Amino acid sequence: MITSKLPQVGTTIFTVMSALASEYKAINLGQGFPDYPMNEELTELVTKAMKDNYNQYLPMAGYTPLLEAIAAKVERLYTTKLNAQAEITITPGGTYAIYTAITAVINSGDEVIVFEPAYDSYIPNVEVNGGKVVRLQLEYPTYSINWTDVQKAINPKTKMIILNSPHNPTGAVLSETDIEQLRKVVEGTNIIIISDEVYEHLIYDNLPHYSLLRYPDLLQRTFVCFSFGKVYNCTGWKMGYCIAPAVFTKEFRKVHQFNCFSVNSPMQVALAEYLHNENAYLQLAPTLQKKRDYFRSLMAATPLKVMESHGSYFELYSYEGISQETEAALSTRLVKECGVATIPVSAFYKDAIDNKALRFCFAKKESTLEAAVERLVKFNW
Ligand code: GLN
């Protein structure tokens, strides 16, 4: 018999919803992935790398030119100088980077502060390592952090705080005031930070991204996790990286080397070259903001109310006063009866808190957004 390490965990909502979407031939605005093609030059670079024989293992930490290209990009964007070999590790995706960072440092009984709604892997990642999750609620409906709550939650067992900006599922972003507050609460402690910044380049409304990479004092206690999939429209590549101080990276790699060992070679070689193209990532925000705004304008014809959001692939829409159904029930009915898949925000709360809001992914072709909204407009709310 097996004693489950995660007895309360079921199948992730993204898999559940995507399976339902395909069963009911629904338009999938649930799981976050683009439905438009990725950049052809980048796929050609992968083919070239394969033909050039980059088909065997690369170094465990990552392909040196890719590590150096990331360091150069970080310096360009945030002025921080990294030691590419000692502080950057290439990973199979952002989720893996977060899991590995947690596994590298969390011991049994350590407390980890997680803000809800939380990306659904964080809590199980902590619990599988014997850590204790301390859940704090982001303030509804702005989804901002209540720093007084954070201060109150901190005690000698607090080992880690997990941050995520731009935030999944809400699209909320951290401000400079949040960074100051963060600095205050961690000062004089040994608290480690994980900063999930997979939506780094998906930030709108002319807001800057307050990456923890900008702050050397905070960076020295932080694992910052990134995803190439979100930047280059290739979520299925499962490519990402983690930036952390050398002492953290050393522990990170102890776990990584016996889990994945090294990451896909041709893709690393291709990304090393493509990363020098600044336009490819700087154009992402305006492109996606256009999609978000277009989706918003279409959604105005439905009874749903858009909630404030400034980043990521997602926007929340409230159906308060429109239906009494739970988010889980309504999102299931929408797939089956309306032909549109969304994600219930309650899936990002351990206690399934239900604010009557659904998450929509707008990283889709205009025609997909139009077809989905046409169905939502016709739906009998
Ligand atoms: N990050 C994606 C989302 O929020 C999903 C990733 C996954 O399915 N594991 O939709």
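None of these values were measured; they are calculated from a predicted model. Hydrogens, waters and symmetry mates play no part in the numbers below; they use all other heavy atoms, side chains included.
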- [ ] Answer yes or no: is there an ion pair linking Lys184 with Glu180, defined by an N-O contact shorter than 4.0 Å?
- [x] no

- [ ] Kindly indicate whether the side chain of Ile70, heavy atoms from C-beta on, has any atom under 4.5 Å from the side chain of Phe226.
- [x] no

- [ ] Identify whether NZ of Lys or CZ of Arg in Lys365 sits under 6.0 Å from the centre of the six-membered ring of Tyr36 and within 45° of that ring's axis.
- [x] no

Task: For the student: nearest non-hydrogen atoms of Thr326 and Ala329, plus distance - done: OG1-N, 3.0 Å

Task: Tyr54 atom OH, over 12 foreign heavy atoms within 6.0 Å - done: no

Task: Side-chain donor or acceptor of Glu327 paired with backbone N/O of Ser346 under 3.5 Å - done: yes

Please table the atom pairs, donor to acceptor, closer than 3.5 Å between any side-chain atom in residues 289-299 and protein atoms at least two apart or in another chain.
{"unit_1": "Gln289", "atom_1": "OE1", "unit_2": "Asp205", "atom_2": "N", "d": "2.9"}
{"unit_1": "Lys291", "atom_1": "NZ", "unit_2": "Lys364", "atom_2": "O", "d": "3.0"}
{"unit_1": "Arg292", "atom_1": "NH1", "unit_2": "Asp205", "atom_2": "OD2", "d": "3.0"}
{"unit_1": "Arg292", "atom_1": "NH1", "unit_2": "Ser309", "atom_2": "O", "d": "3.0"}
{"unit_1": "Arg292", "atom_1": "NH2", "unit_2": "Asp205", "atom_2": "OD1", "d": "2.7"}
{"unit_1": "Tyr294", "atom_1": "OH", "unit_2": "Glu370", "atom_2": "OE2", "d": "2.4"}
{"unit_1": "Arg296", "atom_1": "NE", "unit_2": "Glu315", "atom_2": "OE2", "d": "2.5"}
{"unit_1": "Arg296", "atom_1": "NH2", "unit_2": "Glu315", "atom_2": "OE2", "d": "2.8"}
{"unit_1": "Ser297", "atom_1": "OG", "unit_2": "Tyr294", "atom_2": "O", "d": "2.7"}

Task: Phe33 reachable from Leu284 in the ILVMFWY side-chain graph, under 4.5 Å edges - done: no

Please list, one pair per line, the donor and acceptor atoms closer than 3.5 Å that link side chains of residues 97-118 to other protein atoms, with sequence neighbours excluded.
{"unit_1": "Thr100", "atom_1": "OG1", "unit_2": "Tyr96", "atom_2": "O", "d": "2.7"}
{"unit_1": "Thr103", "atom_1": "OG1", "unit_2": "Tyr99", "atom_2": "O", "d": "2.8"}
{"unit_1": "Thr103", "atom_1": "OG1", "unit_2": "Asn129", "atom_2": "ND2", "d": "3.1"}
{"unit_1": "Asp110", "atom_1": "OD2", "unit_2": "Asn107", "atom_2": "N", "d": "2.7"}
{"unit_1": "Asp110", "atom_1": "OD2", "unit_2": "Lys159", "atom_2": "NZ", "d": "3.3"}
{"unit_1": "Glu111", "atom_1": "OE1", "unit_2": "Asn155", "atom_2": "ND2", "d": "2.9"}
{"unit_1": "Glu116", "atom_1": "OE1", "unit_2": "Arg135", "atom_2": "NH1", "d": "3.4"}
{"unit_1": "Glu116", "atom_1": "OE1", "unit_2": "Gln137", "atom_2": "NE2", "d": "3.2"}
{"unit_1": "Glu116", "atom_1": "OE2", "unit_2": "Lys350", "atom_2": "N", "d": "2.7"}

Open item on the list: Side-chain heavy atoms nearer than 4.5 Å, only ILVMFWY residues, links allowed to pass through others: does that put Leu304 and Leu29 together?
Closed with: yes

Task: Phe261 atom CZ, over 12 foreign heavy atoms within 6.0 Å - done: yes

- [ ] Taking atom CG of Asp52 as the centre, report whether more than 12 heavy atoms of other residues, nucleotides or ligands fall under 6.0 Å from it.
- [x] yes

TODO: Linking directly or through intermediates, with side-chain heavy atoms under 4.5 Å: list the remaining ILVMFWY members grouped with Met1, chain and number order.
DONE: none

Open item on the list: Looking at Asn83 and Gln85, would you say the former's side chain and the latter's main chain have a donor-acceptor pair under 3.5 Å?
Closed with: yes

TODO: Tell me yes or no: between the side chains of Gln56 and Ser265, is some donor less than 3.5 Å from an acceptor?
DONE: no

Task: Side chains of Asn168 and Ser312, donor plus acceptor under 3.5 Å - done: no

